[in-house]
Each structure stands twice: as C-alpha cells, then as structure tokens.
Amino acid sequence: NDHRRRMGRTPEAESRTTSTSATWVLTNRIDDGKLKGARVYRNGLLLKYNASAATVDEYKVTNESEENGSRVTLGAAPVVGDELFANYYY
C-alpha cells in the first residue's frame, strides 16, 4: 500500500514544452490548501512561487471554476521550446 494515498495525498508529475503561453492547465485539480506546495521547474531550475508573479522565473497556481485542473501561471511568457515540469499533490 502506498502510504501517501492513505493520507489523502496523491503525487503527480507533469511536463510540457512551451509555446508562447504563460499559462498551463494541469491534468488534476490541487486542493486549495495545497496550491503553494506545487513545484514548477523551467529547463530544470526551480521557479519561485509568488502570488503576484511578475517574471518568467516566478509562478502562481490557482483553481479557476471553469477548469478541471489547476492553472499554473508564469509571471511572463517563456521562450518557445522551454521545458516546464510540475510536481504536486492533489
């Protein structure tokens, strides 16, 4: 048995190659209380969580009512071809 699942925490990891968009909708919806625990990397470097993200090296995670998954928003659009990776619990 996976102890994380028994605790109500399911781990997930996702990646994508960017276009010119600063937003990314994840496959799963993260519980509101766990949004700050999501980690986002760009080209292998951990980005800084900031609820008022303003640069490509900062991000925020939100739950929008019309989306099934949580939304990652970078403070600025990444360079086309940048690799983004997110790991989180939901």
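The residues E64 and R29 are annotated as not salt-bridged, no charged nitrogen and carboxylate oxygen being separated by less than 4.0 angstrom. Between K48 and D57, no side-chain nitrogen of the basic residue sits less than 4.0 Å from a carboxylate oxygen of the acidic one, so the salt-bridge criterion is not met.
The backbone N or O of R42 lies less than 3.5 Å from no partner atom in the side chain of E83, so there is not a single donor-acceptor pair. Using modelled atom types, no side-chain atom of N28 and backbone atom of Y90 make a donor-acceptor pair closer than 3.5 Å.
P78 and A22 make their closest contact through CD-CA, 4.1 Å (heavy atoms, listed as atom of the first residue, atom of the second, distance). Across I30 and A38, no two heavy atoms sit closer than the pair CD1-CB, 4.0 Å.
Looking only at side-chain heavy atoms (C-beta outward), L46 and R39 come within less than 4.5 Å of each other. Between Y89 and E12 there is no side-chain heavy-atom pair separated by less than 4.5 Å. Between N50 and K60 the shortest side-chain heavy-atom distance does not fall below 4.5 Å. Taking 4.5 Å as the limit, every side-chain heavy atom of Y41 sits out of range of all side-chain heavy atoms of L84. With a 4.5 Å cut-off on side-chain heavy atoms, S70 and L35 count as touching. In this structure, T18 and V80 have side chains that are not in contact, with every pair of non-hydrogen atoms separated by 4.5 Å or more.
Within the model, atoms CG of D32 and CG of N63 stand 5.0 Å from one another, a figure rounded to the nearest 0.5 Å. Between the NZ atom in K34 and the NZ atom in K36 there is a gap of 16.0 Å [rounded to 0.5 Å].
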query: Run the side chain to side chain contact (heavy atoms under 4.5 Å, CB included) check on W24 and E14 step by step: do they pass?
result: CA-CA 11 Å; W24 173 22; E14 298 183 35; 3.9 Å; yes

query: Taking it one step at a time, do V61 and R71 satisfy side chain to side chain contact (heavy atoms under 4.5 Å, CB included)?
result: CA-CA 6 Å; V61 183; R71 179 186 294 187; over 6 Å; no

- request: Report the C-alpha distance between L74 and L47 in whole Å, list the side-chain angles of each, state the deciding distance to 0.1 Å, and finish with yes or no for side chain to side chain contact (heavy atoms under 4.5 Å, CB included).
  value: CA-CA 9 Å; L74 303 180; L47 303 181; 3.6 Å; yes

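Using bins of under 30°, 30° to 60° and over 60° for the plane-to-plane angle, the ring pair Y59/Y49 lands in the perpendicular bin.
Side-chain contact, S21 with S19: no donor N or O sits under 3.5 Å from an acceptor N or O.
Under the side chain to side chain contact (heavy atoms under 4.5 Å, CB included) rule, L26 has a single partner from V72, V40, N68, which is V72.
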